[in-house]
There are 2 protein chains.
Amino acid sequence: MSSVFKALSDPTRRKVLEMLRKGPKPAGELADAFPVSKPTMSAHFAVLRDAGLVETERQGKQVIYHLQMSVLEDALFGFAKTFGWERKDDERQPSGLTPSEETHHE
Amino acid sequence: MSSVFKALSDPTRRKVLEMLRKGPKPAGELADAFPVSKPTMSAHFAVLRDAGLVETERQGKQVIYHLQMSVLEDALFGFAKTFGWERKDDERQPSGLTPSEETHHE
DNA sequence: GACTCATTTCGACAATTAGCTAAACGTCTA
DNA sequence: TAGACGTTTAGCTAATTGTCGAAATGAGTC
């Protein structure tokens, strides 16, 4: 839980997650969206991976990143619940993706 | 927004917010709940204040900390909204406090 | 004013973080 | 094998963080 919030505390990493919301993306494409070096981005990816917020899949030469919605969900709403907030049940916004594409559990 | 997530990234500070959820508390009482020095706790309070998550009120010798629910709410659900999540409208859990006590806007 | 209590500020320190370049290392494709 | 893609390591800054003890401040009390 702490690792998730730690991961979310950096704007670059939050933006990566937001990009991933629209669907899985290769590392290079994500990296190109930010004005930092590849090693720096790779470090950000590692933080997200360690927090369980993303998972990787190798597709040929590239490494594809998948957002793990459930982990983000659990951290955010798990914490929110402590404050008496609840989210709408089954009111997840249609993302334009199939449910399997959304989380892409392997 | 970044400052809120930064504030939330520390377990001590998250617990402080949780303690404050039950109502305003003096700095000393909050500090006593953690195995760190007073100056350290004061630094944590400063982070929470800078993020707007808490506000202070002087009451005699002591400084009373109030949770700013709305700020926490906005950050958490503002971010969640980016991912297509919504919270139940007006389904805030009864806290046993009056609405004015909950946020305690001055 | 002096004293006490509560809290913050002040230095200091070690650890962590984000960033860089350069180089090395896998893994796949051509 | 050579290139492309991405990660990792090394070595280096600079800034931030969490922590402390000691001192300073603020507000009430004697």
Side-chain angles (χ1 to χ4, degrees), chain A residues 1-20 22-68 75 104 106, chain B residues 1-20 23-68 75 79 104 106:
Chain A
M1 170 112 157
S2 229
S3 63
V4 172
F5 278 107
K6 210 70 191 291
L8 292 180
S9 73
D10 183 272
T12 297
R13 290 192 291 260
R14 282 203 305 278
K15 276 177 215 147
V16 168
L17 293 179
E18 284 170 29
M19 288 181 70
L20 251 25
K22 298 185 209 105
K25 293 208 183 333
E29 189 176 329
L30 292 169
D32 289 348
F34 300 90
V36 297
S37 71
K38 290 289 174 71
T40 297
M41 279 310 288
S42 216
H44 281 309
F45 293 151
V47 172
L48 291 171
R49 275 199 311 269
D50 290 350
L53 287 166
V54 299
E55 290 204 348
T56 57
E57 171 208 5
R58 184 124 215 163
Q59 231 172 61
K61 297 183 205 176
Q62 6 189 52
V63 174
I64 311 293
Y65 278 85
H66 299 256
L67 176 59
Q68 298 300 106
H104 217 96
E106 236 63 69
Chain B
M1 169 114 157
S2 229
S3 62
V4 173
F5 278 106
K6 211 70 190 292
L8 292 180
S9 74
D10 184 272
T12 298
R13 290 192 291 260
R14 284 201 304 277
K15 275 176 216 145
V16 168
L17 294 179
E18 285 169 28
M19 288 181 70
L20 251 25
K25 291 208 184 338
E29 189 177 329
L30 292 169
D32 289 347
F34 300 89
V36 296
S37 70
K38 293 289 175 72
T40 298
M41 282 307 290
S42 209
H44 282 308
F45 295 152
V47 173
L48 292 170
R49 274 199 312 268
D50 290 351
L53 287 166
V54 299
E55 290 205 349
T56 58
E57 171 208 6
R58 187 121 213 167
Q59 230 173 62
K61 299 183 201 175
Q62 14 190 42
V63 174
I64 312 293
Y65 278 84
H66 300 257
L67 175 59
Q68 297 300 106
F79 181 70
H104 216 93
E106 238 62 71

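Remember, it's a predicted structure, so these values are computed and weren't measured experimentally. No hydrogens, no waters, no symmetry mates; every other heavy atom, side chains included, goes into these values.
Between B:Phe79 and B:Phe5, the ring-plane angle classifies as perpendicular under the 30° and 60° cut-offs.
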Could you write nucleotides 22-30 of chain D as a row of B, S and -, 5' to 3', where a protein heavy atom under 4.0 Å of any base atom gives B, of only sugar-phosphate atoms gives S, and otherwise -? B----SS--
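Mapping heavy-atom proximity under 4.0 Å, the span of DNA chain C touched by chain B runs 5' to 3' from C:dC5 to C:dT9.
To the nearest angstrom, P of D:dG18 lies 12 Å from CZ of B:Arg14. One atom, CZ of A:Phe45, and another, P of D:dG6, lie 9 Å apart when rounded to the nearest Å. The separation between A:Glu57 atom CD and D:dT7 atom C1' is 17 Å, rounded to whole Å. Atom-to-atom, CE of B:Met41 to C1' of D:dG21 comes out at 17 Å; the value is rounded to the nearest Å. We find that CG of A:Asp32 is positioned 11 Å from C1' of D:dC5, with the value rounded to whole Å. For the pair A:Leu30 CG and D:dC5 P, the interatomic distance rounds to 15 Å; values are reported in whole Å. Counting to the nearest Å, the C1' atom of D:dG18 and the CG atom of B:Asp10 are 8 Å from each other.
The side-chain heavy atoms of A:Met19 and A:Leu67, taken from C-beta on, include no pair separated by under 4.5 Å. Residues B:Val63 and B:Arg58 form a side-chain contact, since some pair of their non-hydrogen atoms from C-beta on lies under 4.5 Å apart. A:Leu8 has its side chain out of reach of B:Lys6: every pair of non-hydrogen atoms, C-beta onward, lies at least 4.5 Å apart. Here the side chains of B:Leu20 and B:Tyr65 are in contact, with some heavy-atom distance below 4.5 Å.
Taking for each of A:Lys6 and A:Ala43 the nucleotide of DNA chain D with the nearest heavy atom, the 5'-most of the two is the partner of A:Ala43.
B:Tyr65 comes within contact range of the sugar-phosphate backbone alone, with a heavy-atom separation under 4.0 Å but no base atom that close. Residue contacts shown for B:Val47 are absent, as no nucleic acid heavy atom lies under 4.0 Å away. Within the nucleic acid shown, A:Pro35 comes within 4.0 Å of sugar-phosphate atoms alone, with no base atom in reach, counting heavy atoms only.
Closest approach of B:Ser9 and A:Ser9 over heavy atoms only: CB-CB, 4.1 Å. Taking all atoms of both residues into account, the shortest heavy-atom contact from B:Leu30 to B:Met41 is O-CE, 4.2 Å. Closest of all the heavy-atom pairs between A:Glu29 and A:Lys25 is OE2-CD, 3.5 Å. Closest heavy-atom contact between A:Ala51 and A:Ser3: CB-O, 3.6 Å.
Of the candidate nucleotides D:dT7, D:dG18, D:dC20, D:dC20 has the atom lying nearest to any side-chain atom of B:Val36.
Contact check, B:Ser37 against D:dT19: no side-chain N or O comes under 4.0 Å of OP1 or OP2. OP1 or OP2 of D:dT19 lies within a sub-4.0 Å distance of a side-chain N or O belonging to B:His44.
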